[in-house]
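Take a look at the structure below.
For this chain, numbers begin at 1 and follow the sequence in order. Values below: all heavy atoms of this structure, side chains included; hydrogens, waters and symmetry mates excluded.
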Amino acid sequence: MPVFYKYQIETAGTTSLRRMDLFLQKLQKNPDIIGSFIFYGDDKIVKNTMPDGLKTSDLVSLGNNLKKSFSLCHSLYSDVVDMTLTLSDKTLVVKRIENNYTLILVTPKRSLSEPLSIEQPRQIVNIPGIDQFLLTDSTGKIVAAHNIKKLEKTGNMVISCGQNVSRLGEIDFKYLFFSRKNGKFFFIFPVGKHFLGVVKEKRINNLTFADSITKVCRKYNKGNGI
């Protein structure tokens, strides 16, 4: 994940826009960043360093979708600081800055193993680093859970965020995770038409954790559906 530079937007005036320009210019010097844009409110791109060819309307649609998912998790976990969506060929990082501004970064894909899948929900609890998990079907019904607090609200958040990502179109959705100040990051994985929500323990590395789930679930991914 790219390192975020310390940055604050004091107002929506000219001075802040100039500071945003300088901020994005600094970000673009990072070789791990493909592009970025700053989204304001629900329908305005105030700064954009994304590759040429992308329509403003598409960025607005993307910004709204990602902002909605971030807000859903933030309403459940107030210490969420950013959100990461991993696809097959790229990673999108979402960070709320201040005063209704949202920063969205696009970076190259990470080196992970095959997409997540599930052989048996009960096996998930044995993966090192699992603190809590739940599995929802395509209707939002919770079909398995372990140690989840606020079960119904968390289930609604998982299915809503998963469906939000699915609405982005023909993408290879790997996983989504929300960074939290307490270190217990919340992950969402697509599992066929199901979605798996997992809270990891603070001590576990994010990529190692995601890879561990993938290895346990690989057999189901090859054809043994839920």
Subject >> Rounded distance (nearest 0.5 Å) linking atom CD of E201 with atom NZ of K184 >> reply: 7.5 Å

**OP:** Answer with yes or no whether the hydrophobic clustering places L196 together with V143; edges join I, L, V, M, F, W, Y residues whose side-chain heavy atoms lie under 4.5 Å apart.
**Re:** yes

Original post:
Would you say the side-chain atoms of S69 pair up with the backbone N or O of L66, donor to acceptor, closer than 3.5 Å?
Top reply: no

Subject >> N164 versus N65, closest heavy-atom pair with distance >> reply: O-ND2, 2.6 Å

Original post:
Any side-chain heavy atom of K202 sitting closer than 4.5 Å to one from N182?
Top reply: no

Original post:
Is there a side-chain contact between N147 and D131 (heavy atoms, below 4.5 Å)?
Top reply: no

Original post:
From K153 NZ over to S75 OG, what is the distance, rounded to the nearest 0.5 angstrom?
Top reply: 5.0 Å

Subject >> Y77 side chain near F178 side chain, heavy-atom distance below 4.5 Å >> reply: no

Subject >> Nearest-0.5 Å distance, CZ of residue F185 to OG1 of residue T84 >> reply: 8.0 Å

Original post:
Got a donor-acceptor contact below 3.5 angstrom from the T49 side chain to the S36 backbone?
Top reply: yes

Original post:
Rounded to the nearest 0.5 Å, how far apart are CG of L76 and OG1 of T154?
Top reply: 4.5 Å

**OP:** Indicate yes or no: at least one non-hydrogen side-chain atom of I148 is less than 4.5 angstrom from one of I142.
**Re:** no

Subject >> Within-4.5 Å side-chain heavy-atom neighbours: V199 and R180 >> reply: yes

**OP:** Find out whether V94 and L85 are in side-chain contact, i.e. whether some heavy atom of one side chain is under 4.5 Å from a heavy atom of the other.
**Re:** no

Original post:
For the side-chain contact (heavy atoms from CB on, under 4.5 Å) test, which of I188, T136, L72 pairs with S160?
Top reply: L72

**OP:** To the nearest 0.5 Å, tell me how far Y175 OH sits from F209 CZ.
**Re:** 11.0 Å

Subject >> Whether S71 side chain and K67 backbone form a donor-acceptor pair below 3.5 Å >> reply: yes

Original post:
If you take all heavy atoms of M50 and G35, which pair is closest and at what distance?
Top reply: SD-C, 3.5 Å

Original post:
Would V81 end up clustered with F177 when hydrophobic side chains under 4.5 Å apart are linked, directly or stepwise?
Top reply: no

Original post:
Only one of T86, L87, L105 forms a side-chain contact (heavy atoms from CB on, under 4.5 Å) with L92, so which one is it?
Top reply: L87

Subject >> Smallest separation among heavy atoms of C161 and L176, with atom names >> reply: CB-CD2, 4.1 Å

**OP:** List the atom of H194, the atom of D137, and the distance in Å for their closest heavy-atom pair.
**Re:** CD2-CA, 3.6 Å

**OP:** Measure up the F187 and F189 rings against each other and bin them: parallel (under 30°), tilted (30 to 60°), perpendicular (over 60°).
**Re:** parallel

**OP:** Search all heavy atoms of I159 against all heavy atoms of G140 and return the closest pair with its distance.
**Re:** CG1-CA, 4.0 Å

**OP:** Output the distance between atom OG1 (T107) and atom NZ (K90), rounded to the nearest 0.5 Å.
**Re:** 10.0 Å

**OP:** Give me the one residue out of V106, T102, I104 that meets side-chain contact (heavy atoms from CB on, under 4.5 Å) with F37.
**Re:** I104

Original post:
Between I204 and K200, what is the shortest heavy-atom contact and its length?
Top reply: O-NZ, 2.6 Å

**OP:** Using the six-membered ring wherever Trp is involved, compare the ring planes of Y40 and Y101 and label them parallel, tilted or perpendicular (cut-offs 30° and 60°).
**Re:** tilted

Subject >> L59, L62, V60, L103 screened by side-chain contact (heavy atoms from CB on, under 4.5 Å) with F39, the one that passes >> reply: V60

